Amino acid sequence: MEKVLLKNLGREGAHTVDSYLSGGGYEALRKALGMEPEDIIQMVKDSGLRGRGGAGFPTGLKWSFIPKDAPEKYLCCNADEGEPGTFKDRGIMEYDPHLLLEGMAIASYAIGAHKAYIYIRGEFLFAARRLQEAILEAYEKGFLGENILGTGFSLDIYVHRGFGAYICGEETALLESIEGYRGQPRKKPPFPALSGLYGKPTVINNVETLACLPAIVNRGAEWFASIGPEKSPGPKIFGVSGHVERPGLYELPMGTPLREIVYEHAGGIREGRRLKAVIPGGVSAPLLTESELHTPMDFDSLAKIGSMLGSGGVIVMDETTCMVKTAYIIMRFFSHESCGKCTPCREGTTWLKKIVERIEHGRGVPGDVELLESLCDNIFGRTFCPLGDGAVMALRGVLKNFREEFQYHIEHKRCMV
Amino acid sequence: MDEKTRREIEGKILPKYRTRRSACMASMQLVQRQKGYLTKEDMEEIARLLDMEPVEVEAVGKFYTMYNVERPVGRYHIQVCENLSCSLMGGEHILKHIERLLGIKTGQTTGDKRFTLSVVQCLGSCGTAPVIQVNDDYYENLTDKKVEEILERLK
Ligand SMILES: Cc1cc2nc3c(=O)[nH]c(=O)nc-3n(C[C@H](O)[C@H](O)[C@H](O)COP(=O)(O)O)c2cc1C
Ligand code: SF4
Ligand code: FES
């Protein structure tokens, strides 16, 4: 498949506006500005594009919730990329920043926003600078600012840097953060489409989602819809990490079987070892084992087997991996990142971490696994935002497949592997 | 806060936003960049400039882990990723190796104030694990030898 999102990955100098223009850059924006905003929204609906930030919400539908007559609206690009195992948006921003900016300009025009923010995690300073330079170049060439390409449409794009908080990837926490508050999620409804940034209608989209737009406008909705499964089409970036021969980013059709990603593209398990488990979409996604490797990597196929595509961050673990330790690392992450707003998550993730930690360190006691399971039941569905549920889903995934490793740890005070 | 910083906040940060409060995060980042951490006085000044309460600025500073609130760090802040992909690729070993080389434990600063060692959550660089961040820079695909070279260069 011809690459659309990662065609410039690793290409020195590809990030400049001249390089982008020489590859036909900003033609899609020119075309879009000659269309009616509603027609662009329809085109994106027809393409079947679903959000790449994790939830897979249909992008065109999300845009259509924005009230047409509102005087002030915003677009926010979610570049928080905090889900462990995920490193795809960074690839786009560092090597093809104009692809993102062009996508943002198209989206802003479609929803009628004149200001847009890129919320980028604080650690990505290099990418933030790249974006800032690209924004300046775009202003110089007339792709941003007042009266873009003589069409009367105006748009300013600003970079807002986060500063260390996974929860700011949640869209309403992200808005709080731009407004200068602690990043804690807001109550929904009202949804951001009606009351978002500064109380104004706001669309929040992931970097990869927005980066799909220039190609959709250039090549048409049918082209996009023809790639991969009917209900979740398009190109998708899979970030493969862990025990594989060739970790890295792979742009493939949505719905590519997990086995093909791990064994063909990523070169299989390192040193010829055997696979033990794979997390398909960042640590919040319940892990899968050998028997599930035939699963097509798309939103619906993974949901059907009780996991999720999430961010497409594929973490591969070979037979030497201790699953109690894996669970401990993941629970440590969630308890560290719980924003503290609601009790089930704040207290619950702390307890999950403590108990898994004591099992991992050989201090587990009989009944601990059952205790974990009952804690999970008490947290799940009772938290203010999906972070708490993510912790539970991840742990349940490990326990479902590797319960006996936990029992072994408790009994023998050491690893099975 | 010096005049130049104040001018930068007024001229470069505030115009990006609809409210003064929105400039809080970037202003704190700017001040921390100058000396590596934030004092109570820094936060009070930022609060005054942005029409906020000092406790509000402090709350922001304490919420986001990259702000070093009243926590001076060494000239080089070494942050080792302890999340899953890095751990699978030997992240803990890298951490121990750095502890040994610097003669400090995680969370500590060397006596000469040159290095502070911390652990952090996923840095978004899992495909090139194990990864550390030293101040602004990422170092990826680390091995013992690479770590030794990096520290040698910074010593
Ligand atoms: C705890 C949590 C963390 C999230 N982190 C991110 C993130 O880092 N990047 C992202 O794009 N979406 C993240 N999301 C999803 C966003 O809330 C939102 O659904 C997404 O940005 C919408 O964009 P999309 O429709 O283009 O996918 C996160 C959600 C939750 C609950
Ligand atoms: S579920 Fe966790 S992260 Fe979400 S609001 Fe509650 S405490 Fe905060
Ligand atoms: S797990 Fe270390 S960078 Fe993602």
Side-chain angles (χ1 to χ4, degrees), chain A residues 72 80-91 115 117 121-126 156 158-166 168 177-184 197-198 200 239-243 247-249 279 282-283 313 315-318 321 325-326 329-330 332-333 336-337 339-340, chain B residues 12-13 15-30 32-33 46 50-52 56-68 79 81-89 91-92 118-131 133 135-138 140-141:
Chain A
E72 206 181 330
D80 197 47
E81 190 137 273
E83 179 71 27
T86 316
F87 50 101
K88 64 187 178 75
D89 297 337
R90 178 177 166 218
K115 283 193 191 305
Y117 292 91
R121 59 178 300 173
E123 295 88 344
F124 285 176
L125 185 62
F126 180 78
D156 291 313
Y158 305 108
V159 174
H160 182 97
R161 288 178 65 213
F163 225 50
Y166 166 67
C168 288
S177 185
I178 297 180
E179 291 188 24
Y181 296 95
R182 288 177 300 171
Q184 291 185 317
L197 188 61
Y198 305 120
K200 306 294 175 195
V240 188
S241 65
H243 296 153
L249 296 174
I279 294 175
V283 298
I315 308 173
V316 179
M317 292 166 264
D318 73 15
T321 314
K325 183 170 169 192
T326 295
I329 290 171
I330 299 175
R332 181 174 65 190
F333 166 73
H336 184 264
E337 298 299 334
C339 83
Chain B
K12 287 222 181 104
I13 300 176
K16 289 168 42 173
Y17 302 107
R18 195 170 185 268
T19 63
R20 294 184 77 78
R21 177 190 292 269
S22 280
C24 162
M25 285 188 73
S27 303
M28 290 165 82
Q29 288 162 9
L30 184 66
Q32 175 161 308
R33 175 154 285 279
I46 290 170
L50 301 180
D51 304 328
M52 292 170 70
E56 294 176 314
V57 176
E58 216 178 304
V60 168
K62 290 200 170 133
F63 185 84
Y64 298 92
T65 54
M66 288 173 68
Y67 292 114
N68 300 318
Q79 300 168 81
C81 172
E82 64 166 1
N83 218 299
L84 187 54
S85 306
C86 283
S87 166
L88 293 171
M89 299 305 279
E92 284 108 14
S118 305
V119 288
V120 289
Q121 293 304 320
C122 176
L123 287 167
S125 189
C126 327
T128 45
V131 184
Q133 189 179 12
N135 295 352
D136 295 335
D137 300 323
Y138 277 42
E140 305 168 32
N141 291 314

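Excluded from the calculations below are hydrogen atoms, water molecules and symmetry mates; all remaining heavy atoms, backbone and side chain alike, are included. In this text the structure is predicted, and so the values were computed from the model without any measurement. Every chain is numbered from 1 and lettered A, B, ... according to where its sequence line falls, protein lines coming before strand lines.
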From [X] atom [atom1] to [Y] atom [atom2], the distance as rounded to the nearest 0.5 Å:
X	Y	atom1	atom2	answer
A:E123	B:L123	CD	CG	6.0 Å
A:E83	B:N83	CD	CG	9.0 Å
B:S85	A:I279	OG	CD1	8.0 Å
A:D318	B:L88	CG	CG	8.0 Å
B:Q29	A:L125	CD	CG	9.0 Å

Testing the basics here: between [X] and [Y], what is the closest heavy-atom pair and its distance to 0.1 Å?
X	Y	result
B:G124	A:F124	O-CZ, 3.7 Å
A:Y158	B:P15	OH-O, 4.1 Å
A:R182	B:Y64	C-OH, 3.6 Å
A:R90	B:S125	NH1-OG, 2.8 Å

Tell me which of these, [options], has more heavy-atom pairs under 4.5 Å with chain B than the rest.
options	result
A:K88, A:M317, A:H160, A:E81	A:H160
A:R332, A:H336, A:K325	A:R332
A:G248, A:G85, A:G91	A:G85
A:P247, A:G183, A:G242, A:G82	A:G183
A:S241, A:C168, A:G340	A:S241

Testing A:E179, A:K115, A:E72 for side-chain contact (heavy atoms from CB on, under 4.5 Å) with B:R18, which one passes? A:E72
So among B:E82, B:Q121, B:E92, which one has a side-chain contact (heavy atoms from CB on, under 4.5 Å) with A:I329?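 So, applying the side-chain contact (heavy atoms from CB on, under 4.5 Å) to A:I329 and each of B:E82, B:Q121, B:E92, only B:E92 qualifies.
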Does any heavy atom of chain B fall under 4.5 Å from the side chain of [X], the backbone, both, or neither of them?
X	answer
A:I330	side chain
A:V240	backbone
A:T321	side chain

So which part of B:M28 gets closer than 4.5 Å to some heavy atom of chain A, the side chain, the backbone, both or neither?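 For B:M28, no heavy atom lies under 4.5 Å from chain A.
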Name the region of B:A59, side chain, backbone, both or neither, that has any atom closer than 4.5 Å to a heavy atom of chain A. both
Between B:R20, B:Q79, B:M66, B:M89, which residue shows the highest count of heavy-atom pairs closer than 4.5 Å to chain A? B:M66
Which one wins on heavy-atom pair count under 4.5 Å against chain A: B:L84, B:V120, B:V60?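 Ranked by heavy-atom pairs under 4.5 Å with chain A, first place is B:L84.
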Mind running side chain to side chain contact (heavy atoms under 4.5 Å, CB included) on A:F126 and B:D136 for me, showing each step along the way? CA-CA 8 Å; A:F126 180 78; B:D136 295 335; over 6 Å; no
Walk me through it: do B:F63 and A:C339 pass the test side chain to side chain contact (heavy atoms under 4.5 Å, CB included)? CA-CA 8 Å; B:F63 185 84; A:C339 83; 4.0 Å; yes
Worked check of side chain to side chain contact (heavy atoms under 4.5 Å, CB included) between B:Q32 and A:F163: CA-CA 12 Å; B:Q32 175 161 308; A:F163 225 50; 3.8 Å; yes
Are the side chain of A:Y117 and the backbone of B:K16 linked by a donor-acceptor contact shorter than 3.5 Å?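 A pair under 3.5 Å: yes.
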